[in-house]
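Okay, structure first, notes after.
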Amino acid sequence: MAIELTPYEARVIGCLLEKEVTTPELYPLTLNSLTTAANQKSNRDPVYSLTDAEVMDTVEQLKAKRMVSDVEGFGSRVTKYQHRFCNTEFGTLQFTVQQKGIICVLLLRGPQTPGELRTRTNRLCEFSEMKDVESALVTLIEKGYVAQLPREPGKRESRYTHLFSSDTPETTAFVASTEVADTSLTTRVEALEREVAELKALVNELLQ
């Protein structure tokens with residue numbers, strides 16, 4: 001997948017996705033509003049204390065990646081910002097309302113269980129049943145945007161993480177565990193191949 005977001009970029013995109021739905025009267029966002037949203041103490045994990053300059057730097061990085069654009073006008077001289085991340089004419093990412101809600105919350109709060117996602121997306125979309133959350137997750141996994149993490153000891157549900165950031169601890173751990181599993185499987189296959197070759201050699205000796 002071509003999209004790679006830093007943690008700060010993921011936070012900014014998540015905020016723009018969220019505010020587009022929850023406060024449409026204020027969207028697109030000014031730099032001040034975006035900084036406030038990025039530093040919210042509720043519905044955010046981890047909690048950041050970003051400065052306007054840090055948010056502006058992040059916005060510039062996202063503009064270079066064509067995921068954010070400036071918006072002039074709207075009855076204000078202040079520059080405002082909107083995302084071009086998904087469901088726009090500028091990119092290929094297209095999500096249903098429910099899928100977009102899940103991605104938004106994962107960008108803002110990190111890995112979560114299906115139950116947590118159903119509760120925490122209630123301002124963004126509606127899931128009538130838990131199976132609707134699971135169905136949306138399956139689709140996002142099939143498209144390569146989300147991954148199911150190994151179940152933690154003592155936990156009943158597995159958590160899910162977005163795959164738009166490769167340097168988050170959870171994603172790094174997921175990739176590492178996958179690589180270990182692949183290596184282990186390769187080692188076992190090679191050992192079996194050697195055993196088969198030895199058995200064939202032994203059978204040939206007995207038949208001579």
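Only heavy atoms go into these numbers, but all of them, side chains included; no hydrogens, no water, no symmetry mates.
- Met130 has its side chain within reach of Pro114: a pair of non-hydrogen atoms, C-beta onward, lies under 4.5 Å apart.
- Taking the six-membered ring where tryptophan is involved, the planes of Tyr48 and Tyr8 are perpendicular, since the angle between them exceeds 60° and thus also 30°.
- Using a 4.0 Å cut-off between charged side-chain N and carboxylate O, Arg11 and Glu54 make no salt bridge.
- Using a 4.0 Å cut-off between charged side-chain N and carboxylate O, Glu116 and Arg109 make no salt bridge.
- The side-chain hydrogen bond (donor to acceptor under 3.5 Å, both in side chains) check on Arg84 picks up nothing, with sequence neighbours excluded.
- One side chain, Thr35 or Asp52, offers a donor N or O that lies under 3.5 Å from an acceptor on the other.
- Within the 4.5 Å cutoff, the side chain of Thr23 has heavy atoms near those of the Glu25 side chain.
- Between Glu134 and Lys131, none of the side-chain N atoms (NZ, or NE/NH1/NH2) sits under 4.0 Å from a carboxylate O, so this pair counts as no salt bridge.
- Residues Leu31 and Thr79 form no side-chain contact, since every pair of their non-hydrogen atoms from C-beta on lies 4.5 Å or further apart.
- Taking the ring-ring contact (aromatic ring centres under 6.0 Å, His included) definition, one finds that Phe90 meets it with nothing, sequence neighbours left out.
- At least one side-chain heavy atom of His83 sits under 4.5 Å from a side-chain heavy atom of Tyr27.
- Using a 4.5 Å cut-off between side-chain heavy atoms of Ile, Leu, Val, Met, Phe, Trp and Tyr, with links allowed through other members, Ile141 and Phe164 fall into the same hydrophobic cluster.
- A chain of hydrophobic side-chain contacts below 4.5 Å, direct or via other Ile, Leu, Val, Met, Phe, Trp or Tyr residues, connects Ile102 to Ile3.
- Under the ring-ring contact (aromatic ring centres under 6.0 Å, His included) criterion, Tyr160 pairs with no residue at all, not counting sequence neighbours.
- Residues Val146 and Ile103 are in side-chain contact: their nearest non-hydrogen atoms beyond the backbone lie under 4.5 Å apart.
- Between Tyr145 and Leu163 there is no side-chain heavy-atom pair separated by less than 4.5 Å.
- His162 pairs in a side chain to side chain contact (heavy atoms under 4.5 Å, CB included) with only one of the listed residues (Leu106, Leu5, Val105), which is Leu106.
- Hydrophobic clustering of Ile, Leu, Val, Met, Phe, Trp and Tyr side chains at less than 4.5 Å, counting indirect connections, keeps Leu137 apart from Leu108.
- Leu124 and Ile13 fall within a single hydrophobic cluster, where Ile, Leu, Val, Met, Phe, Trp and Tyr side chains are chained together by heavy-atom contacts under 4.5 Å.
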### Query
So Leu17 and Cys86, side chain to side chain contact (heavy atoms under 4.5 Å, CB included) or not? Walk me through it.
CA-CA 9 Å; Leu17 291 173; Cys86 66; 3.9 Å; yes
